[in-house]
Structures are given as C-alpha cells and as structure tokens.
Asker: 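Have a look at this one.
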Protein chains: 2
Amino acid sequence: MNKIGVHRRATVHDVARAAGVSLATVDRVLNNRPGVRSATAEKVEAAIAEIGFQRDLSASLLARARNLALTFVIPDGTNEFMASLAGAVERRASQALNDRMQIQTLRVQPLDAAALARSLDGLHPRNCDCAVIVASEEASVLAAVDSATRRGVMVMTLVSDLPGSLRRQFIGIDNVAAGRTAASLLGRFMPQGGKLAVIAGSLHLRDHADRLNGFRQALEAEFPQLELIGPIEGHDERPQTEAIVADLLRMHPDLGGLYNLGAGNAGLVAALEKSGRARRIRVIAHELTEPTRQGLESGAIDVVLDQNPDGEIREAIAAARGLALGANGALVSNPIEIGIFLRDNLR
Amino acid sequence: MNKIGVHRRATVHDVARAAGVSLATVDRVLNNRPGVRSATAEKVEAAIAEIGFQRDLSASLLARARNLALTFVIPDGTNEFMASLAGAVERRASQALNDRMQIQTLRVQPLDAAALARSLDGLHPRNCDCAVIVASEEASVLAAVDSATRRGVMVMTLVSDLPGSLRRQFIGIDNVAAGRTAASLLGRFMPQGGKLAVIAGSLHLRDHADRLNGFRQALEAEFPQLELIGPIEGHDERPQTEAIVADLLRMHPDLGGLYNLGAGNAGLVAALEKSGRARRIRVIAHELTEPTRQGLESGAIDVVLDQNPDGEIREAIAAARGLALGANGALVSNPIEIGIFLRDNLR
DNA sequence: CACGTTGTGAGGTACGTACCTCATGACTTA
DNA sequence: TAAGTCATGAGGTACGTACCTCACAACGTG
C-alpha cells in the first residue's frame, strides 16, 4: 500500500518574505501595477520561481468579486455540428458558473470572415477574458485575433486553427490524421482501384485544408491506384452539396468512393439515395449528427469520423482556466480523439 | 448575432434576507449544526430553493483553509490498465491542486476484497472527503463502502460498479453494451458459425459480469449458430491466462473466436503466437495497453474495446467536486464512451 | 534648502463562506 | 417565580488575493 501525498501551497505572503519585500510590492508585480524598480521586480520574480508560487485563481476571482468571462463565437446557420457545439457550451455553462466562469455564446454568419472579425473587435477585457472562436484562415480574422490579444482578450481556436496568429491555444482534433484515416479506410474499401471524389466545405477553413492534405498524402503513399477527383467546395450547405454529389454521380458512372470532409451531409445522403447508387459507393463523412447518423443506419454512409463536441468544449473551458492562471504559456491539454463510427457502434 | 447572458449569484446573505432569518441561522442549516427548529430550517430550505442558492465551493474551501481531499484506491500488481489509471490520476493531481483538490492514491492487492475493505476503513472524513474505488462485488467491500458513507466519506466506484451499496456515483463505461459490441463484431467475423471461447478475470468484478451478460444476450439473440465455451476465469494474470488459452487451443482445434473480457492479455497473445494459430482466430480484448497494442499490430488481436482512463479520472474528479457542492444527489456526468480500436486507428 | 518624483512599506477593506463567542428572548420545569 | 434549556441574532475573525490610501525615505532639480 503506497501513499503519494502533497503539501501546503505558497501564498503571496511567502513570496514577500522570500523576496525580502512587502506584500504591496509583490502585489504590484503580480498585477503589473506601476511603481516597482525593475531590479526589485526581478527579485520578486525570482522568489516566485524559487518557491513555486502560483496565484490562487479562486481567491483572486473572489477578491475581484468577478467571474472569469469566456465568450464562444460559433458559426450560426444550418450546420448541425456547429449547433451541437453550441449545445455543448450551453450544457456546460451552468456548471461552469460554480467555478466562477461565466460563459457567453455569440453566433455569427458562417464562412463570413468580416462578421467573425467584427465579433472579436466587440470584445473588451472588462467583459471578456478569453474568446474561443472557430477560425477561418483569412487576413481580417488574423488581424482581429492579434488585436484582441494585444488589448488583453486571450483568444483560443476551436475545431479549426489559425496558425501564425497570436491565438494562445488550439482545441481540436489532428485534422491531418483524420484525413489520413479516411484515405486509409477508403483505400482498403477499394482494393481493385477506381475513382474517388473529395468534397470540402471551404479550403479557407484550416481544418478542411488539413484533412485534404492528410488525405492526399496517405492516398499517394499507399493507394496510388486510386484516381482522385476534386476537391470541390460545397460551402457546408445542404443544397450545394447535394448538387455537387448529383453532378459527380452523373459525370462518373464508375465512381467508387466519396469523402466529404466538410458538412452538408444531408445533401450528400439525399443525392446518393436519389441516384439509386447508395450502398454501391463507399462513403466517409465527418461529424456524428442527425444526417450522418441516418446515413450510417441506411448504409448510404460507411464511416463517420467524429470529434466529440462535448469533449472539445470541456477542454476549451479547462484550457481557459489554465491560461488565466499564468501568462506563462506551457499548457498541457489532452488532445481530442478522433472517433470512428460505423453502423455497428453508433452511440 | 444572438447573446446568451447570465446574472449575479445568490449568496448566504440573500438566503438570510429571503428566509427572514439571520446569517447565523442560515449557516447552521447549511452546515447542519444543531440549534435550529425544524420549522425554521424548512423556511431556510425553501428560501434556498426559491432563489436558487448554491454554495460557492471555492469560497467555502477557502474559508475552511482546506482542500477537497480525494483518495483513489486502485489495484496494484501487473495489470497494465490499472497502472495507466494510476498514471492518469498522477497526471491530474497537480493541476487539480489549482482547484483546491488534493489527490492521494492508494494501491491495493488486486482481487483482494479484504485489502480493499481495509483501505476504506482507514479513511476518515478529516483526511478524505471522497474515496474513488475500483470495486469488486463482495459482502466485505459493500459493508466497508456503506460504513465509509455513513461516517462522512463519500464513495464513488470507478470502472467496476457496486450496485446496492451507498456509493454515490459510478464512473465507467456501460459494460453490458461493451459485451454486446464484442458479440456483434465476433458474430460478423464468423458468418459460417463455429466455436467461441470467453475468458474473464473474475466474475466477482461487476464489470466482467456485465460484459459477460451483454455478450451472451447479443450472441443468443443474433448469432445462435455460435457455440460458446466458458467463461473461464484467468484472474487477470498473464501466466494463468496464457495457460487457459493454450488449453483452449489444444482442446478445440476448430476454435474460431476468442473474447477476453478481463486483463492478462500478454498471456493471451503469447499463447496464440506459440500455437501458430494467431491471425486464424478472431480475437477481441479489452483496454488499449502495451500488450493489446502489440497484439493489434501483429494481428493476433483483431479488435480492442477501450475505456479511456484519462477521461475516467477527469470525470471522477469533476463528479467529486459536484458531490461536494450538494448532498442533494442528481448529478449529471457525461458517460464514458467505449473506444473501438483496430490496427488501423491506433492512437 | 524647499520641492517634486519615485520606490517602498504599512495597513485597511472587500469578496463569500466557515466557525466562533456572546447576548437575548421564549419557553419549560420544579 | 427562579433556574435552566433552547432557538436565534449580532458580530467578529479567518482564508488568499485585489485594490486602495497614506506615510516615508531617497533621490534629483532649481
């Protein structure tokens, strides 16, 4: 029987004593208020590092009579996955309040970089400590992220990343790996070779671009016998996706596989069923939502790759707490797993 | 752009005002100290319910100058899954300290009900608010759980449940569903029928018993052509499991499938490889650990059903916080998902 | 040398809850 | 009716941090 114990946490008083300064000075350093010589500040920093002081977030929030304010910015519209993300936020919001976290959701026009940038511009550090956005990779969004960061609103990206920006953290699956997995499965599904079409929502979305890259890489490396058609952009909408799939089926009577790495899956399933060729074409889609679930059950879709929205929201909230604790990055967060669903293991 | 906001939380002062009593009385009710007439207590309870007061856990712990003390009791020994559970606890422990949660781990002799009961008996409310145990279904454990609960140590079960006890919560997968999934897969793997053997660790473990029930149900309902051998208990040990599998292979030259619903998978793989019949028998095992991972990669194991240990520990800690908030049960906790791993989607 | 500026210390109050003491009034019981 | 018990109120201190005011000393500048 082996016991692993712990000890008392260091407080600001301990820091003051260790640094040989007063409590007020420690406070000034911690909350970067003016009036401290840089030599003194360094002494304090050293003491903090030495005794391993970490600010008590709850006491800090209590003293400020203030909650941590988190704003989720999530695309609006018909995209079912985004709706389930928003639902997951909603579900977590009340219990997060118990930990002094106040959560707000903004819904914005999907695939509208200007609208997303405007939402970010509207956030001020008084009302919002941290914004969590589903990013699209455009200059205006990048500028808005960096501007928000500079005025004191931390930004995290969710589902789709924005590398090169000042975003503090990305929460989501490894989309390159997801694309590779799709290729690996479709390749095995089509051992005799054939034509394979890819549909994306928008290649301005980093997650879609990453999936496409992973898909292409794995296909070229492992299944050179497959002929790739596309990618074609369906803008994550049902009607456009349906039209694209219908066109594909008409133009390629010998189409053997289909990978929709974006949304609009209701259209995908509808076009397949109308063509009468459902179940004769191997199909992989993303996100376990109502349309993909029905597709799995009817057999129109073979495999669904899923990122767990509840898990993502949970990690996003945990990461925001972690970020609030220290400006010093170095955040460990469990990566979100890629769920693989067939008809037989629907949850 | 749609906004979902929140409001100020109610405090003890609000409760006092609403109930028309003093702060002291509210405090007596909240912390069930003596000296309150039941009529008055009811007035306070009513006020709490009406204004939706919820005690501020952080402030409460701060005032007590005390952390929430959590004790995990996890089987020791060679079981790799239990080791990874303990590892997950270890990883969470430091970051949990930021939320005033102090986590301790006890390792006990596996499959030793008396040792588990003794560990529980050694926990006192001063040192431990909540114990999280991997239960085995025996009278002495049940008695120890109920006794701990009665003296003020909440108990939660992890991985393997103990229904009928005063345990406050179970954290784990739906093991009946896991067993059904195994049967559904094996049945599809053996369309021509044949012999199918089942190995368990111990049927005193509720999770093992549940898996067996689910497995049998699904098999009888969907695949009556399969002949079931066992279950045979391998006590989750490598040597015993290896011997059992070797015996099974010798006695049944026509064995078509194998389901190990317990641990000891290193023995399972070793026996299969030695027999030269690996890859000709469809095999399903539990928990993604080093031996099962190797089994998947070599092809000796076809499918691994997995419960995510990190996810389970995270949920256990979250549930403990939730329980500490209110004696009034009604706890929502996300169910742990059953992960399905083949060689192609190893993480 | 009087003056302002700057760095630092001392100490207080507040946040929401826990826990303590003391006072007071109502009611019981002999 | 005096003594005792019980229910309740009033008010304080503490937890760790934030944020405020005031005091004071060191320093330069004119």
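The shown structure was predicted, so the numbers you read here are calculated from the model rather than taken from an experiment. Throughout, a chain's letter reflects where its sequence line sits, starting with A, and its residues are numbered from 1.
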Asker: How does each nucleotide of nucleotides 8-20 of chain C score, in 5' to 3' order, for protein heavy atoms under 4.0 Å: base (B), sugar-phosphate only (S), or none (-)?
Answerer: BBB----BBBBB-
Asker: How bent is the helix from C:dC1-D:dG30 to C:dA30-D:dT1, measuring the angle between the end axes built from five pairs each, rounded to 10°?
Answerer: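 Taking the rotation axis at each end, their angle is 50°.
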Asker: With sequence neighbours left out, which residue pairs that include part of residues 16-38 of chain A fulfil the salt bridge (charged side-chain N to carboxylate O under 4.0 Å, His left out) condition?
Answerer: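 As it turns out, the salt bridge (charged side-chain N to carboxylate O under 4.0 Å, His left out) pairs with a partner in residues 16-38 of chain A, which skip direct neighbours, are A:D14-A:R17, A:D27-A:R33.
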Asker: Under the side-chain contact (heavy atoms from CB on, under 4.5 Å) rule, what do B:F72 and B:I103 come out as? Steps first, then yes or no, please.
Answerer: CA-CA 8 Å; B:F72 281 84; B:I103 296 177; 3.8 Å; yes
Asker: Are B:R92 and B:D99 within salt-bridge range, i.e. N to O under 4.0 Å?
Answerer: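 Salt bridge between B:R92 and B:D99, a charged N being under 4.0 Å from a carboxylate O: no.
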Asker: Do you know which two heavy atoms are closest between A:S58 and A:R100, and how far apart they sit?
Answerer: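 Scanning both residues, the minimum pair turns out to be O-CD, 4.2 Å.
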Asker: Can you tell whether the side chains of B:R9 and B:D56 come within less than 4.0 Å, N to carboxylate O?
Answerer: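 Salt bridge absent between B:R9 and B:D56.
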Asker: Provide the closest heavy-atom pair for B:R91 versus B:S94 in the form atom of the first, atom of the second, distance.
Answerer: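 Of all heavy-atom pairs spanning B:R91 and B:S94, the closest is O-OG, 4.0 Å.
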Asker: Flag the pair A:D161 and A:R167 as a salt bridge only when some basic side-chain nitrogen lies within less than 4.0 angstrom of an acidic carboxylate oxygen.
Answerer: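 Between A:R167 and A:D161 there is a salt bridge, with a charged N closer than 4.0 Å to a carboxylate O.
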